[in-house]
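Structure first, commentary second.
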Amino acid sequence: MTTEELEKLLAEQPVSRLHRLARGRIHQHFRLGKRRLIETLLQHSSENRAGLESDLQALMQESPPPPPPPRRKAAPESTAPRPRQGAKPPTNQAEAEPAEPPVDLTAFLDGMGVPEPKPFVPDAWQEDALTSLATTDVIVSVPTGSGKTYVAIEATRRAIEAERTVIYTSPLKALSNTKFTEFSRLFGADRVGILTGDRQDNPQAPLLIMTTEILRNLLYDAAGGEIDVRLDTLGLVIMDESQYIADPERGVVWEETIIFCPAQAKLLLLSASIGNPQDIADWLTSIRPTPCHLIRHHRRSVPLRAGYLHPNGKLTPLFRSVGIPHGGGTPLHPEAKRLFAQYEEETLRPNR
Amino acid sequence: MPPSIHPVDLIGALRHKHLTPAIVFLTSRRACDDAMQAFERSQTTLPPARQDAIVSVFEQLVQQYPSIAEHPLMPVVQRVGVAAHHAGHLPSWKIAIEELMRQGCLDAVFATTTLAAGVDFPARTVVVTQSSVRKSRDFTDLTVGEIQQLAGRAGRRGKDLVGFAVVTPSPYIDLSVLTKGLTGQPEPIDSQFVISYPMVLNLLKAHPLDQIQAILARSFAQFQLNRRAETLESKLDQLHVQMKPYGPRVCTDWITQWQTFDHARKQKAHRVQVKRREPPELAARLHFLTPGRVVGLPKGRGIVLRQYRSKGQRSPTITVLRPGGAVTESPADAVTQVFDRTFDVAEAPVYPWVTPASLEDLARQASDLPVRMPALPILVQEEDEEGEIVQTLTDEFPCPTCPSRSACQKDHAGALRIRQDVHRHTKAIQALRTGLWHRFQNRAEVLQQFGYLTPTCHLTSEGEWARLIRIDHSLLITELIRADAFSGIEPQILAGIMATLSHDDDRPGAFPRISPGLASLLRQVRQLAESLAPHEDPPLLRADVAALAERWIGEPTLTWIGLCRTTTMAEGDIYRLLARTLEYLSQIHQLRNTHPGLADTAGKAIKNLRRGVLEELP
Ligand SMILES: Nc1ncnc2c1ncn2[C@@H]1O[C@H](COP(=O)(O)OP(=O)(O)O)[C@@H](O)[C@H]1O
């Protein structure tokens, strides 16, 4: 469709339809007249023309003058909110859809933005982890982005204050490096060391960063009688990304490290969400001097929403609700469902 | 409609809805690079202020990582405000992109799904374009855990009120995998414990053999195996209860007795001639020679511990516990009598084939056997005298006239099924409880065979240094050292060998030519690797990959760019290859005390290897 064609098509539409098209696109669109509205729509959608066109098509199909024969998956849903106006939600006899009307795009996108700056207050689970670490091993299995690093940093600070050595392990050299930079900035370069296979930078520092393999080797060397590690002053071992214990090639190294971790050192295992953190906690309890404390939750600190973006640029919510529902049999948003079905049909059809 | 949204349109659509910055996960490195090229060709240009911000972050980073200063993608990133981030890039470049993302300078990063854990930076939005990832050669559906790890990068605490996970389709996407991943519970994880040669050596260095089983029992692997064993054990308890009504009757082992009788009857009825490998007397006996059975042998009586047929041997053998505690092997056809007497045994998969507790118990029983015991009549079917079977059945078998005949007949099938279940469960439980320990023993046996361990499982002088080689293919490496394969070689040749040992990727590529010296040593390595194949999986040993390391270490004036030009391998892959080579070399370097010459060569190789880009990170 050329710009002129689109402009002409827009001009043919009743103004109410244009307003619905402008919703979520143009601020205070209801103040604009038809001509201005079309101009602004075109201007505003220059980067995403396809999205505008498909929304328009959807709106036009919604109330076509002569009612067409009922086609499979006629798509009356669109970005425009309608149920609130009292219009009846579409019913499809084939499937029983929940009574709750699906969310519209505006509501879906509503509320995004930057939060007001707030003074840092540790979450309850973070406090819980730190308190427990004073007496026991701790496993933290919480969603990504919850703030596990804060626990690691604060636990390290406390251990260093108590004149204990801290070892921080990560599965990847690249992550070690990132943490080395971050911790050096926090604690001062003289208090952070990094160990690799062929190098020791500042090995006398109270906080040592290394990969899990290097720590495993240190523990074997210590057990074998080579004594160049300060294992007797070791107070805390932090293992980041400890879900790696299930890695087919390297997982065994996590087990070896945990089995040989000196009894007086506390273990802090940080893990992304896994299905059975309780098993790991039970295991630790069975082999370590103190019962392991498990901290686990699924709550995301920043709520997550899921959307579907059609290749033509059109965005719709993925689910019927604003947030991501839990559990199986989750109904998709009818619009996402329709668009995806259309996508599959078009891309999977042979000899197109 | 295009099979997937054009990258420039994708970012445009996200920008329009204020959904940037975003991380876009794509199927391959190639897709990420293509996306960057699409941006390069597009009109996208950031306003000057944003470009300045990118430049100033870059300038800071260049001080720490000089290699990014001349990176060809740098001007593009500055102009378009998006970047690619994948394993084909140098670590320093990835760190730079991560830092730009953290400082909010970029609108989007195109990353590959393969290394979600390596993408340690968040964004407002995460875009997912696929539901499966390439793992080795196949495409595997993303797990719930992986999908949540990807989606979890959306929504930066302190910077976003809400995060968005946006699915956009591409061919072969399965929407249900993704919705399940977003809404479901992550999978439980399982131990992946393996027992390697270095583990055996290092354990035995620090602990006597009799403590090892207890140490292995502390693994997560054994913890999980025990859980499974416990489930089976409670099932086994139920089976024992079910077995109660089927205890000893007129004869102790009526189940086997009846089984044989029944079998004989059926043979008679169907007139089926069964071809046997054993003579008929022996065949008839074999059913009875099960663990726990008391038998008579030419040199006295004993309790059967197991029956087996070793490779190449025609007739079956039994292991017998003699009164006095000796465990001996005897051909099954030496058995002179089968007594109507069995004991419970707890079988084990290795010598002495029963658990220590069970052995102790049986030894006591064997010494206390009554002088007279009822012997079982064994029905022998003469193959050529089938007509007489009917006669023999009624004449010699006790069953036809036995008072409990009808009860046995009725119960037999059910009892047999339960007994087989008991057997299966007992075996499975044994395997779960002792499997790790046996794997350890197998490894230890190999190490004894090669002279790293004494027969009493102490480290030999060879074992003392070999335990320091704690990498893949450790047996091959230590055997090469013992075969003097590395004596007097140049550092670059040693590096070449270590490079090819460490490289397990078979993706094709073009590489520099290999030197004749390295080629001939590589042949030797390959031969040895093949001869060790029964004990250790041989490495790929690609010659072309070895040549790359040889070049870099052998030519100290060669620049990084120069090295990259000699191959089609991506620079991130070259970096990883050399970093792994460094790791292998530093293990060799540790052998200072026992192999000073070799350690010195490794030291020289390390020194040459660590230059330029490879000097930038610890
Ligand atoms: N209690 C808190 N209140 C506010 N922000 C926090 C809190 N704890 C952590 N954060 C912030 O959350 C972000 C994510 O934390 P991080 O430790 O990287 O997450 P992860 O759990 O994935 O390791 C960081 O920017 C951190 O500063």
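As the structure is a computational prediction, the values presented were derived from the model and not from experiment. We name chains A, B, ... by the order of the sequence lines, and we start the count at 1 in each one. The basis for the numbers below is simple: all heavy atoms, side chains too, and nothing from hydrogens, waters or symmetry mates.
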Please flag which part of Pro303(A) lies under 4.5 Å from any non-hydrogen atom of chain B: side chain, backbone, both or neither.
both
Show the numbers, then the answer: is there a side chain to side chain contact (heavy atoms under 4.5 Å, CB included) between Glu344(A) and Leu175(B)?
CA-CA 10 Å; Glu344(A) 282 200 308; Leu175(B) 200 55; over 6 Å; no
Tell me, out of Leu19(B), Asp160(B), Ile95(B), Thr125(B), who's got the most heavy-atom pairs with chain A below 4.5 Å.
Asp160(B)
Would you check, one step at a time, whether the test side chain to side chain contact (heavy atoms under 4.5 Å, CB included) holds for Leu182(B) with Leu318(A)?
CA-CA 11 Å; Leu182(B) 288 169; Leu318(A) 182 61; 3.9 Å; yes
Identify which part of Gln185(B) has an atom lying under 4.5 Å from any heavy atom of chain A, answering side chain, backbone, both or neither.
side chain
Under 4.5 Å from a heavy atom of chain A, the part of Glu99(B) involved:
neither
Which atoms of Asp279(A) come close to chain B, meaning under 4.5 Å heavy atom to heavy atom: side chain ones, backbone ones, both, or neither?
both
Please classify the contact of Arg610(B) with chain A as side chain, backbone, both or neither, using a heavy-atom distance under 4.5 Å.
side chain
Tell me, out of Phe260(A), Trp254(A), Phe180(A), who's got the most heavy-atom pairs with chain B below 4.5 Å.
Phe260(A)
Hey, does the side chain of Arg157(B) reach the backbone of Ser146(A) with a donor-acceptor pair shorter than 3.5 angstrom?
yes
Can you measure from CE (Met199(B)) to CD (Glu256(A)) and round to the nearest 0.5 angstrom?
4.0 Å
Distance check, rounded to the nearest 0.5 Å: Gln64(B) atom CD versus Asn177(A) atom CG?
8.5 Å
Which answer fits Lys173(A), side chain, backbone, both or neither, if we ask what part of it has an atom under 4.5 Å from a heavy atom of chain B?
side chain
Heavy-atom cut-off 4.5 Å, strictly under: side chain, backbone, both or neither for Phe340(A) against chain B?
side chain
Interface moiety of Asp190(B) toward chain A, non-hydrogen atoms closer than 4.5 Å
backbone
Under 4.5 Å from a heavy atom of chain B, the part of Phe120(A) involved:
neither
Do you know which two heavy atoms are closest between Gly313(A) and Ala13(B), and how far apart they sit?
O-CB, 4.2 Å
Could you look at Ala174(A) and say if it's the side chain, the backbone, both or neither that has a heavy atom under 4.5 Å from chain B?
neither
Between Leu309(A) and Val166(B), the two heavy atoms sitting closest are CB-CG1, 3.7 Å
Heavy-atom contact with chain A under 4.5 Å, split by part of Arg102(B)
side chain
Name the region of Ile194(A), side chain, backbone, both or neither, that has any atom closer than 4.5 Å to a heavy atom of chain B.
side chain
Please give me the minimum heavy-atom distance between Gln192(B) and Val252(A), naming the atom from each residue.
O-CB, 4.2 Å
Can you tell me which portion of Pro91(B) sits under 4.5 Å from chain A's heavy atoms? Options are side chain, backbone, both or neither.
neither
Chain A heavy atoms under 4.5 Å from Ala151(B): which part of the residue, side chain, backbone, both or neither?
both
His16(B) side, atom NE2; Leu315(A) side, atom CG - distance, nearest 0.5 Å
10.5 Å
Can you name the closest pair of heavy atoms from Gln243(A) and Ile189(B) and give their distance?
O-CD1, 4.4 Å
Walk me through it: do His589(B) and Asp198(A) pass the test side chain to side chain contact (heavy atoms under 4.5 Å, CB included)?
CA-CA 9 Å; His589(B) 187 52; Asp198(A) 68 317; over 6 Å; no
Run Asn202(B) and Arg216(A) through side chain to side chain contact (heavy atoms under 4.5 Å, CB included) and show every step you take.
CA-CA 11 Å; Asn202(B) 283 292; Arg216(A) 188 268 318 262; over 6 Å; no
Taking all heavy atoms of Glu255(A) and all of Phe220(B), pick out the closest pair and write down the distance.
OE1-N, 2.9 Å
Among Ser176(A), Gly113(A), Ser273(A), single out the residue with the greatest number of heavy-atom pairs under 4.5 Å to chain B.
Gly113(A)
For Ile259(A), is it the side chain, the backbone, both, or neither that has a heavy atom closer than 4.5 Å to a heavy atom of chain B?
both
For each of Pro122(B), Ser191(B), Gly184(B), Ser196(B), tally heavy-atom pairs with chain A at distances under 4.5 Å, and name the one with the top tally.
Ser191(B)
Can you tell me how far the CD1 atom of Ile258(A) sits from the CZ atom of Arg218(B), to the nearest 0.5 Å?
11.0 Å
For Arg439(B), what residues pass the salt bridge (Lys or Arg N to Asp or Glu O under 4.0 Å) criterion, not counting sequence neighbours?
none
Heavy-atom pairs under 4.5 Å with chain A: which of Ser219(B), Ala206(B), Pro198(B), Ala217(B) has the most?
Ser219(B)
Gln222(B), part contacting chain A, at a heavy-atom distance under 4.5 Å:
neither
Pick from Ser586(B), Ala579(B), Ala165(B) with the largest number of heavy-atom pairs that fall under 4.5 Å of chain A
Ala165(B)
Is Lys159(B) in contact with chain A via its backbone, its side chain, both, or neither, using a 4.5 Å heavy-atom distance?
backbone
Any donor-acceptor N/O pair, Trp283(A) side chain to Ala221(B) backbone, under 3.5 Å
no
Looking only at heavy atoms and a cut-off of under 4.5 Å, which of Pro325(A), Gly251(A), Ala336(A) has the most pairs with chain B?
Pro325(A)
Heavy-atom contact with chain B under 4.5 Å, split by part of Asp247(A)
backbone
Salt bridge or not between Arg199(A) and Glu615(B)? Use side-chain N to carboxylate O under 4.0 Å.
yes
Interatomic distance, CG@Leu201(B) vs OH@Tyr220(A), rounded to 0.5 Å, equals 10.0 Å
Winner by heavy-atom pair count (cut-off under 4.5 Å) against chain A, out of Gly603(B), Gly163(B), Ser176(B)
Gly163(B)
Which of His207(B), Arg227(B), Gln224(B), His18(B) touches chain A most, by non-hydrogen pairs under 4.5 Å
Arg227(B)
Which heavy-atom pair separates Gln149(B) from Ala272(A) by the least distance, and what is that distance?
OE1-CB, 3.0 Å
With chain B, the option among Gly145(A), Pro117(A), Ser301(A), Pro277(A) that has the most non-hydrogen atom pairs under 4.5 Å is Ser301(A)
Spacing of CD1 belonging to Ile287(A) relative to CD1 belonging to Ile215(B), to within rounding of 0.5 Å:
11.5 Å
